[in-house]
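Worksheet for the structure shown next.
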Amino acid sequence: MSRTAAIVGAGIAGIAAAIRLAVKGYQVDVFEANAYPGGKLSGFTLNGFRFDAGPSLFTMPQLVEELFQLAGRNPNDYFRYSRLDETCRYFWDDGTHLTAWADRDSFAREVETQLGEPASHLLAHLDDSAAKYRITEKLFLHRSLHKLSTWFNRDALHGYLNLPKLEIFKTMNRANEERFQNPKLVQLFNRYATYNGSDPYQTPATMNIIPHLEYNIGAFFPKDGMIGITNSLVRLAEDLGVRFHFNTRVVELVTEGARVTGVRNENPNGKTERFDLVISNMDVVSTFRRLLPTARQPERILRQPKSSSGLIFYWGIQREFPELGLHNIFFSSDYRAEFDHIFKQKTLSDDPTVYLNITSKHKPDDAPPGCENWFILINAPNNSGQDWEELIAKTRHNVIRKLSRNLGVDVAPLIACEAILDPIAIEARTSSSQGALYGNSSNNRFAAFLRHANFSHQFQNLYFVGGSVHPGGGIPLCLLSAKIATELI
Ligand SMILES: Cc1cc2nc3c(=O)[nH]c(=O)nc-3n(C[C@H](O)[C@H](O)[C@H](O)COP(=O)(O)OP(=O)(O)OC[C@H]3O[C@@H](n4cnc5c(N)ncnc54)[C@H](O)[C@@H]3O)c2cc1C
């Protein structure tokens with residue numbers, strides 16, 4: 001008889017872990033509280049407009065393809081995507097526009113023409129980003145940080161020798177100010193801190209590895225939209241015999257001594273099912289607090305400050321805007337104040353940076369003819385009891401004002417339909433502690449060591465995957481968490 005595994009949650013890491021275990025020969029059951037898979041990486045339609053609910057930027061597609069290859073399948077039979085020629089269009093209130101081209105030299109020329117910043121500065125920054133990535137990749141991203149073998153090998157030695165290049169004692173903002181003359185370029189590269197929900201004025205310059213993914217490796221668009229990642233991996237998992245149980249919330253991990261023996265679900269009738277091992281894709285704070293309340297709680301890790309959250313407006317827009325692309329940023333005029341609001345005052349500034357994603361630019365059937373599907377993300381504090389109704393009303397007004405000013409047209413009457421996602425709803429739909437998008441924040445220079453391991457120190461057969469544990473949040477790191485956890489089994 002094959003060994004059995006239960007996975008709590010069908011987020012992207014849970015699905016990836018299910019595939020990896022099925023390939024290893026396990027009979028896998030995935031229990032998902034929602035009626036649909038993907039957690040944050042899901043989608044919906046509204047009045048003829050299709051929206052991706054959460055992630056909009058797709059990097060490192062090779063980590064998705066690897067799963068099909070591991071299962072001996074042709075990725076093209078399941079999942080198709082293309083590389084973007086332009087990664088983002090940037091707008092400032094003073095009328096400055098900049099297009100970030102995927103091609104490094106074209107981007108460097110654009111930066112020189114539009115912002116007067118020598119092209120060499122940009123190229124040096126991207127080279128430095130690549131160097132930082134190479135140092136951290138093998139040490140931090142592909143291995144458990146919590147096993148001695150990680151620290152005693154050639155890759156680790158290479159990492160120790162190059163530690164100064166990671167600039168852990170400098171903030172990202174400081175490093176970017178030293179690199180660039182033009183404050184707009186400092187702001188542009190400071191924004192990468194938000195890719196893991198951090199504050200560029202606190203997070204270490206090590207996080208300057210992030211632009212490497214977008215500029216040196218590339219940004220991509222899945223043919224079916226971001227939801228295509230979830231759907232194709234669920235199809236692969238089902239082809240491998242994984243059983244998904246939707247509308248099935250796990251309410252307890254049943255333990256006996258140092259082992260987890262099963263999971264107890266809400267339905268049917270709170271029945272306990274026995275498994276040889278369990279992987280939790282539920283946020284690690286919620287896993288301990290709700291599923292293992294009588295186990296020893298790793299307080300130091302569970303109490304770490306959480307990453308930022310998001311306030312998202314999904315708007316069906318009755319017009320097309322040729323000046324906009326797939327990814328667009330409208331920067332705030334005072335970036336430091338914006339982050340002070342998010343991380344210190346735990347509120348939203350009146351001039352937030354507006355991220356606008358429009359998938360109908362690449363996938364026209366995502367909106368009715370002559371229309372566009374606007375996904376608007378504002379970086380927001382995680383939920384600590386703010387008056388969200390008031391913050392949403394205020395921010396909606398400020399976003400409309402900012403976009404109308406920049407686009408030269410009143411946006412409000414163009415909104416045909418609307419949905420809103422706030423930190424409370426994110427927490428309710430995914431169990432993410434405080435609605436954080438990326439688990440713990442990375443504002444502390446030792447943050448990597450303050451994320452929970454991919455295995456339990458208390459229960460021999462309990463593992464953790466997803467954005468709240470090592471190596472971190474975002475689709476690529478969630479996929480890597482599944483790789484690390486299942487390789488430990
Ligand atoms: C608005 C937004 C924008 C983002 N933008 C990007 C981006 O552009 N690029 C990027 O790479 N990343 C982005 N992210 C982050 C990315 O979405 C996440 O890091 C990643 O999807 C998290 O995956 P996960 O595996 O941790 O699971 P989650 O998506 O958190 O899902 C966990 C799943 O577990 C289920 N679950 C929880 N508890 C239980 C239980 N007790 N029983 C059963 N099921 C349970 C939940 O219902 C959920 O389906 C964004 C996130 C959001 C919300």
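Since this is a predicted model, take the numbers as computed values, not measurements. Computed from heavy atoms alone, side chains included, the values below leave out hydrogens, waters and symmetry copies.
Judged by distance alone, the side chains of Y78 and R73 do bring a donor and an acceptor atom under 3.5 Å apart.
Atom NZ of K223 sits in a sparse spot, with 12 or fewer heavy atoms from other residues, nucleotides or ligands closer than 6.0 Å. A 6.0 Å sphere centred on NZ of K363 holds more than 12 heavy atoms belonging to other residues, nucleotides or ligands.
Pairs passing the salt bridge (charged side-chain N to carboxylate O under 4.0 Å, His left out) check and including a residue from residues 180-190, sequence neighbours excluded, read D94-K184.
Summarising the geometry of N176 relative to V186, their closest heavy-atom pair is O-CG2, 3.6 Å, with the distance given to 0.1 Å. In plain terms, the two heavy atoms of F288 and R296 that are nearest each other are CE2-O, 3.7 Å. Minimum interatomic distance between P352 and T395 (heavy atoms only, all atoms of both residues): CG-CG2, 4.4 Å. Residues R179 and A124 approach most closely at NH1-CB, 3.5 Å, considering heavy atoms. Contact between E338 and D351 at its shortest, heavy atoms only, is OE1-O, 4.3 Å.
Ring centers of F221 and F58: at least 6.0 Å apart, outside the cut-off. Aromatic pair Y215/F107: centroids less than 6.0 angstrom apart.
Counting only heavy atoms from C-beta outward, the side chains of R289 and L302 approach each other to under 4.5 Å.
One distance of note links OG of S360 with CH2 of W374; it measures 10.5 Å at 0.5 Å rounding.
Exactly one residue among D52, D366, N357 makes a side-chain contact (heavy atoms from CB on, under 4.5 Å) with N373. That residue is D366. Of the candidates K306, R303, R451, K306 is the only one forming a side-chain hydrogen bond (donor to acceptor under 3.5 Å, both in side chains) with N440.
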